[in-house]
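All remarks here apply to the structure that follows.
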Amino acid sequence: MGANRSKKMSKPSLSRKWSTADVERYRNGYPGKKDDPKADENLKFYTGKIASRPKGDFIDSIHKEWFGAFELLERHHGYIQWLFPIREMGMNSLSQPLQMFEAKAIRENPKAMKRVVRSYELMLDFYGMKLVNKETGQVARSTEYKTRYLNLMIQRHNWLRITRILKCLGELGLEHYKRPFLYHIMDEMWNGQLLSCMRSLRDYWIPVLKDREDRNFLLKHLKQKTKPAEELYGVRPKPTMKVESVEEKKITKEIEGETKIETESKVEMKLTEKVLDVTPEEKLVKDGGKKIEEDKGETKIETESKVEVKSSEKVPDVTPVPDVTPEEKLEKDGGKKTEEEEGTKPKVEATLPENAVEKTLQADVKVKDEDSGYKVPKQAGDMSEEEED
């Protein structure tokens, strides 16, 4: 007994199965259904040649006389099949299902298409909405939305009318009008309105969208009870470019035209670094803990593993050494004589014997290095004045 009961409870509801089959048949173009070449009353109605039945009127008169007549639109049940014909037989036996050749002729007739859009505006007004943009199909609240929303939630036969309207829009070339309408309904639900329409929205209105991605997109947000991440009348958002996250341990910095991409193991320089005219302390703070030394045209960037010299090395200016006596020079050098050849020759140290001091001081000797072309002056104090050839 209990097993049979649980099996019966797990069976899908009849309404759910019917809704799925109904919308799939519509999206698939009613397989096996053929046109009746003699059935052209929908085309004649939208071209103004015949009036709707029963107790109806011509299309232009309905648009003019019935617009805003909420009581008439509520109690009359024979006009909706004429304003929004679909390929299914409705409750009005005096109307006919839409034929494919009729739909094609209406789509190709600009005046007839304007009448279709006007019919849509008439029903939106009846439901407390308005068509803001005829190109995109954007929908918004009307001034009397409070009373009209209440009527829509109470009078449930209007939910069936909306399903018919959406199907007709798809047949007559206004498929792009469906999505903005559904966005508006969902947005109103998140604002606490039209909540009793939730089931129809899920089982009928969203499923009549012919684009599978559109259906899945809206059903996903409906299930999560979140708004679509886009304008209510727009299209699905395009995929955004991937942003490198902290988990990837890659950080991009931009400093005045300079782009640095840091990883765990290395530092890659994308553009030449510009040396800023700031103090070392300011530079240290700006570079996030990297120590930078600037010494007369030479810039060093110190990292944990290495030091990169970004600017070309320049020969530092040497401050002239004042003239000193030979004794002071000798005492200063600690008994050693040092000769330097402008950064190209290594230091040469020689210990002078005690009896050779006076000979060295009195000598007026010029020694020329044949390889480098540099001259060694007669006094150590004149070294800074020598220039490179």
Side-chain angles (χ1 to χ4, degrees), residues 11-33 80 84-88 90 97-98 100 103 107 116-117 120 123-124 127 129 131-140 149 152-153 156-240:
K11 186 177 180 180
S13 63
L14 181 62
S15 62
R16 178 63 174 170
K17 290 177 65 176
W18 166 253
S19 66
T20 303
D22 176 66
V23 295
E24 284 182 356
R25 190 162 171 260
Y26 161 75
R27 292 198 306 261
N28 294 332
Y30 300 93
K33 191 174 184 63
I80 195 71
F84 300 96
I86 58 177
R87 299 184 67 192
E88 306 169 24
L98 178 68
M100 292 301 294
R107 291 195 301 266
V116 173
V117 174
Y120 183 52
M123 295 308 296
L124 285 178
Y127 296 136
M129 308 170 200
L131 185 62
V132 177
N133 191 315
K134 292 182 180 180
E135 295 295 326
T136 63
Q138 179 186 1
V139 175
Y149 279 9
L152 179 57
M153 289 188 291
R156 299 188 176 187
H157 68 97
N158 284 297
W159 303 351
L160 300 176
R161 289 177 172 181
I162 290 177
T163 303
R164 169 178 282 271
I165 291 171
L166 293 174
K167 288 180 178 180
C168 180
L169 292 176
E171 300 287 7
L172 298 183
L174 296 173
E175 177 73 21
H176 64 287
Y177 270 24
K178 296 180 184 178
R179 192 167 52 231
F181 174 81
L182 298 175
Y183 290 165
H184 177 72
I185 296 295
M186 289 180 65
D187 189 56
E188 292 290 42
M189 287 182 176
W190 308 148
N191 292 325
Q193 305 287 339
L194 305 175
L195 294 177
S196 62
C197 302
M198 181 74 74
R199 183 177 178 183
S200 292
L201 175 66
R202 181 197 66 194
D203 294 348
Y204 289 94
W205 301 347
I206 292 179
V208 299
L209 288 169
K210 293 183 178 180
D211 188 280
R212 178 180 295 179
E213 291 184 7
D214 283 343
R215 296 196 303 270
N216 293 339
F217 178 74
L218 288 183
L219 288 172
K220 172 185 175 182
H221 286 282
L222 184 65
K223 183 178 180 180
Q224 296 176 350
K225 297 182 180 180
T226 58
K227 292 183 181 182
E230 56 187 307
E231 294 294 334
L232 297 180
Y233 54 89
V235 296
R236 293 188 307 276
K238 296 180 179 179
T240 57

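These numbers come from the heavy atoms of this one structure, side chains and all, not from hydrogens, waters or symmetry mates. All values derive from a computational prediction rather than experimental measurement.
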Are the side chains of [Y] and [X] in contact, using a 4.5 Å heavy-atom criterion?
| X | Y | value |
| --- | --- | --- |
| Y204 | I162 | no |
| H176 | T136 | no |
| K220 | Q224 | yes |
| D214 | L182 | no |

Measure the spacing between [atom1] of [X] and [atom2] of [Y] and express it to the nearest 0.5 Å.
| X | Y | atom1 | atom2 | result |
| --- | --- | --- | --- | --- |
| M189 | H184 | CE | NE2 | 10.5 Å |
| I185 | W190 | CD1 | CH2 | 12.0 Å |
| N133 | Y177 | CG | OH | 7.5 Å |
| E171 | R107 | CD | CZ | 8.0 Å |
| I206 | L222 | CD1 | CG | 5.0 Å |
| Y183 | F217 | OH | CZ | 5.5 Å |

Check whether [X] reaches the backbone of [Y] with its side chain - one donor and one acceptor, N or O, closer than 3.5 Å.
| X | Y | answer |
| --- | --- | --- |
| E175 | K210 | yes |
| R27 | P207 | yes |
| Y149 | Q193 | no |
| W159 | L201 | no |

Do you know which two heavy atoms are closest between [X] and [Y], and how far apart they sit?
| X | Y | value |
| --- | --- | --- |
| V139 | M129 | CG1-CB, 3.8 Å |
| L98 | R87 | O-CG, 3.4 Å |
| I165 | Y127 | CD1-CE1, 4.2 Å |

Indicate yes or no: does D211 engage K178 in a salt bridge with an N to O separation below 4.0 Å.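 So D211 does not pair with K178 through a salt bridge.
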
Checking side-chain polar atoms at under 3.5 Å, does Y30 have a donor or acceptor matched by the opposite partner on E88? yes

Can you name the salt bridge (Lys or Arg N to Asp or Glu O under 4.0 Å) partners of E188, sequence neighbours left out?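 Only R141 meet the salt bridge (Lys or Arg N to Asp or Glu O under 4.0 Å) criterion with E188.
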
Residue list, ring pair (Phe, Tyr, Trp, His ring centres under 6.0 Å) with F84, at least two apart or on another chain: none

